[in-house]
Asker: 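Handing you this structure, nothing more for now.
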Amino acid sequence: MAHPTVADDVSEKSSSALVSRLALWGPALVVVALSLLPVLYLFARAALAEPGVALDLLTRPSTFELLVRSLGLALVVSVSSVALSLLLALVTAASDMPMRRLLVVLTVAPLAVPCYVGASAYLAALSPRGPVGGLLVALGLTPPSLHGFFGAAFVLTLFSFPLAFLPIRAALRRADASPFEAARVLGAGPLRAFIVGIWPALAPASFAGGTLVLLYALAELGAVALLRFDTFSRVIFIQLTSAFDRSGAAVVSLLLVACVVVVLVLAELLGPRAAPAVDRSRPFAPRLRGLVLPACAFSFGLSTLTLFIPATAFLWWLRARGSELPSWLWRSLSVSLGAGLVAALVCAALSLPLAILLVRGQGKATRLLARVVDVGFALPGLVVALGLSTFALHALPAVYGRFPVLLAGYVVLFLALSLGSVRGVLARVPTSLEEAARVLGCSPRQTLWRVTLPLLVPGLVAGGALVALSVMKELSLTLLLIPAGESTLATRLWAYTDEAMYADAALPGSLLVVVAALGLALVLRHEEAP
Amino acid sequence: MEGASTHPFALLENGCHSRHRDVTALSMTRPSPLASASKLTLVALLLALPLACSKGAPTDGAEAGSAAKAITIYSGRAEPLVAPVLERFQKETGITVKVRYGDTAALTALLLEERERSPAVLFFAQDAGALGALESKDLLAPLPADLLVRVGPAYRAPSGQWVGISGRVRTLVYNTDKVKPEELPGSILELADEKWAGRVGWAPTNGSFQAFVTGVRLLHGDELAGEWLMAMNKYGAKDYPKNGAIVQAVGAGEIDVGLVNHYYLHRALAEDPGFPARNHYAAPKDAGALVNVSGLALLRHAEGPEREAAVKLASYLLSPEAQSYFAKETFEYPLARDVSGPEGLPALETLRPPELDLGKLSDLEGTLTLLRKTKVLP
């Protein structure tokens with residue numbers, strides 16, 4: 001880059017340069033260490049295992065079967081999510097669709113409902129004493145069973161498709177309608193015009209959104225365990241809990257990590273390249289005409305499935321429970337909120353130097369850093385937990401089984417969220433502002449403090465909110481690393497659903513959804529009005 | 001501006017932000033509603049922190065003496081069953097008990113991994129097999145003799161390294177609307193049959209079930225046990241994570257029979273007298289009539305004030321007060337001498353379990369291997 005940047009100025013004066021360099025790279029190295037530690041430790045553990053055990057596990061037909069099941073489920077969920085998201089993005093972009101703003105909010109809202117909460121709610125709803133199941137039983141029908149592949153695919157798709165919807169919708173809003181209109185003028189039907197004119201703009205977002213959902217579904221533990229479908233994560237969990245030698249769990253975890261890395265690499269290599277950003281001259285706003293009614297039925301019907309049924313299930317069971325609030329509720333709530341807050345603060349603090357490095361710096365090291373952070377995000381919570389807890393047990397026994405290890409796990413998993421937010425904002429801060437400050441006499445540090453930082457605050461806050469939200473919803477890492485005697489809303493929901501005590505599960509479930517919804521509303525506040 | 005990245009996680013950042021927001025405009029406007037709302041949330045979260053600290057502290061003052069103020073224990077027993085009695089202990093002595101709940105086998109594996117570095121000082125297992133397994137790996141310390149003599153010799157380790165707290169019988173819980181008692185088999189092994197296909201529920205990750213399988217292996221040999229497990233799998237026995245879930249499923253008609261411990265049904269009946277299920281006891285001396293004990297073991301590495309507190313807890317759980325809690329509230333068989341058994345249930349002495357030394361159930365590892373080999377556990 002031609003113009004001087006913060007990083008360039010930093011290299012000018014040597015002593016303060018060294019300090020500034022450390023200030024930027026120190027946290028970066030900490031993050032790299034934390035992100036790679038779980039995987040490295042698992043490698044060591046698996047290598048130390050009796051070679052027969054590892055080989056046997058890897059070559060067993062059931063392992064291959066597991067691979068097929070896990071990838072199969074993840075692929076089905078991913079493809080369904082992208083298809084759903086495309087349809088919904090089109091519907092919400094249509095100019096003659098009523099209540100579009102409400103529809104967008106309703107469509108994104110399932111992000112507030114973690115998959116295992118959704119699974120728990122549906123189990124509660126379809127239970128013979130639940131609202132939907134009870135109705136079906138009264139009508140003489142057997143309530144459908146959610147256990148198995150189709151139930152798992154259904155629940156996972158319902159509650160993770162917003163991950164694909166957000167980027168696809170953003171891409172659609174940036175898309176230029178001119179190619180589409182030109183194709184229509186030249187006589188193409190609406191579908192062909194769409195494929196030729198609009199789809200190229202949507203392809204990268206669809207692919208990336210689909211990959212995100214794929215990784216999410218691969219790592220998912222809570223929902224598949226509750227719905228009793230054996231995927232990698234569930235097997236690792238049971239290996240951990242029913243084999244005296246944890247090496248088995250380490251080996252299967254590494255297999256899962258290998259899958260994740262392969263998916264990431266393939267996505268990078270095969271993903272359609274984004275076209276250069278073009279100022280759109282005309283926004284793409286299709287007209288649905290006769291399809292308005294079916295579109296409404298479809299989109300609002302989907303919201304019934306994702307929001308209304310779980311809400312009804314929880315309210316029903318809450319009513320059955322009575323108004324007495326149990327003593328553990330406040331403690332679980334405080335731990336959830338407290339952990340979210342602390343993790344958000346730590347991630348925000350770490351995001352700042354990393355974002356500066358990644359946006360203003362250049363070179364192979366910074367690109368590698370970005371990849372490492374992304375790998376941490378993609379790793380399943382269970383694997384991170386296993387790696388960190390084993391490491392703590394053997395190398396840092398003072399913190400073993402206590403909050404710092406849990407916090408480290410949250411940072412590894414969710415730093416990418418806050419970093420992405422801060423990077424996005426920093427990328428839009430023109431370097432000319434910083435240059436002007438330098439010209440007017442500010443030192444690099446002063447420039448950072450008085451010019452750059454205030455502009456980054458919205459990004460830091462939004463990133464922090466995303467992290468806090470994700471921490472509160474997190475289940476698999478928390479289950480393994482939470483100190484004895486403590487619980488979060490997520491672990492409470494899990495435990496009670498496991499025992500089929502739906503009335504008790506409804507309490508943390510509802511709270512989780514409310515808190516998550518508030519956080520989500522905060523994050524989405526800076527969505528433009530359509 | 002960075003080109004729109006195709007990297008999946010980069011899209012998270014682009015998905016939420018609007019493209020056309022002008023950053024300079026941002027710096028010149030007054031704080032946006034987002035910023036104020038965010039500040040409000042931050043304040044709310046900060047207020048939650050003192051709540052976290054205050055609500056967690058024990059409510060009563062302690063007369064703990066030289067015992068520690070707080071100890072950690074691992075419990076293979078379910079929280080709804082033991083939390084009330086532990087809370088009573090906390091109130092009486094002021095010692096906070098932090099519990100990690102989990103499956104007995106999982107916690108056994110964890111303890112074997114952690115060894116002396118474990119934060120736990122006491123292990124409350126759901127069955128004696130797990131305790132025997134820990135004993136054989138030298139992780140336990142003997143309990144004081146005055147504690148041990150409170151139960152009969154059959155219900156404690158000869159080495160004194162674990163002591164039984166409450167007794168449980170394996171039963172078959174069945175749905176009274178769908179199954180007639182005459183249809184039910186005398187031996188649990190007869191369930192591996194065509195006519196029970198898809199009607200049976202079990203909990204392969206549950207400690208009591210695993211102890212039962214160890215019993216089958218001891219009585220009939222590994223081969224027969226393996227064949228039975230594979231047959232049950234073939235006939236579609238349904239997996240549940242917990243015994244409580246099995247009983248709920250039987251009551252709801254999801255399955256017709258379930259392999260559980262006796263007391264879950266009585267708890268369900270206490271909550272709902274119309275619950276349509278009953279217990280069926282296996283024929284005398286059958287593996288399915290196994291009487292097992294939930295028990296306590298002191299971990300070897302516990303020392304000083306923590307050990308004292310652990311011994312106090314063990315003593316409390318063997319006291320008449322806690323033992324009658326088990327009899328009255330959870331419908332288990334109290335093992336301490338001179339405490340009356342649960343109402344309405346056959347007395348412990350009248351049961352005819354198979355002739356097995358409880359200590360011999362310690363080959364939990366072998367059972368887990370068999371369960372994995374027969375694909376009952378993945």
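So that the names make sense, note that chain A is the first sequence line, chain B the second, and so on, each numbered from 1.
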Asker: So what's closer than 4.5 Å to chain A heavy atoms on B/Lys238: side chain, backbone, both or neither?
Answerer: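 Neither part.
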Asker: Going from CG on A/Asp230 to CG on B/Asp239, what distance comes out if it is rounded to the nearest 0.5 angstrom?
Answerer: 8.0 Å
Asker: Side chains of A/Ser145 and B/Glu254, heavy atoms from C-beta outward: is any pair under 4.5 Å?
Answerer: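 No; the side chains remain at least 4.5 Å from each other.
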Asker: Does any non-hydrogen side-chain atom of A/Met501 lie less than 4.5 Å from one of B/Pro80?
Answerer: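 B/Pro80 reaches A/Met501 side chain to side chain.
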Asker: Taking only Lys NZ, Arg NE, NH1 and NH2, and the carboxylate oxygens of Asp or Glu, determine whether A/Arg492 and B/Glu79 approach each other closer than 4.0 Å.
Answerer: yes
Asker: Less than 4.5 Å to any heavy atom of chain B: does that hold for the side chain of A/Thr390, its backbone, both, or neither?
Answerer: side chain
Asker: Of all the residues in residues 114-126 of chain B, which have a heavy atom that comes within less than 4.5 Å of a heavy atom in chain A?
Answerer: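 The stretch touches chain A at B/Glu114, B/Arg117, B/Pro119.
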Asker: Could you check whether atom CZ of B/Arg267 has more than 12 heavy atoms from other residues, nucleotides or ligands sitting under 6.0 Å from it?
Answerer: yes
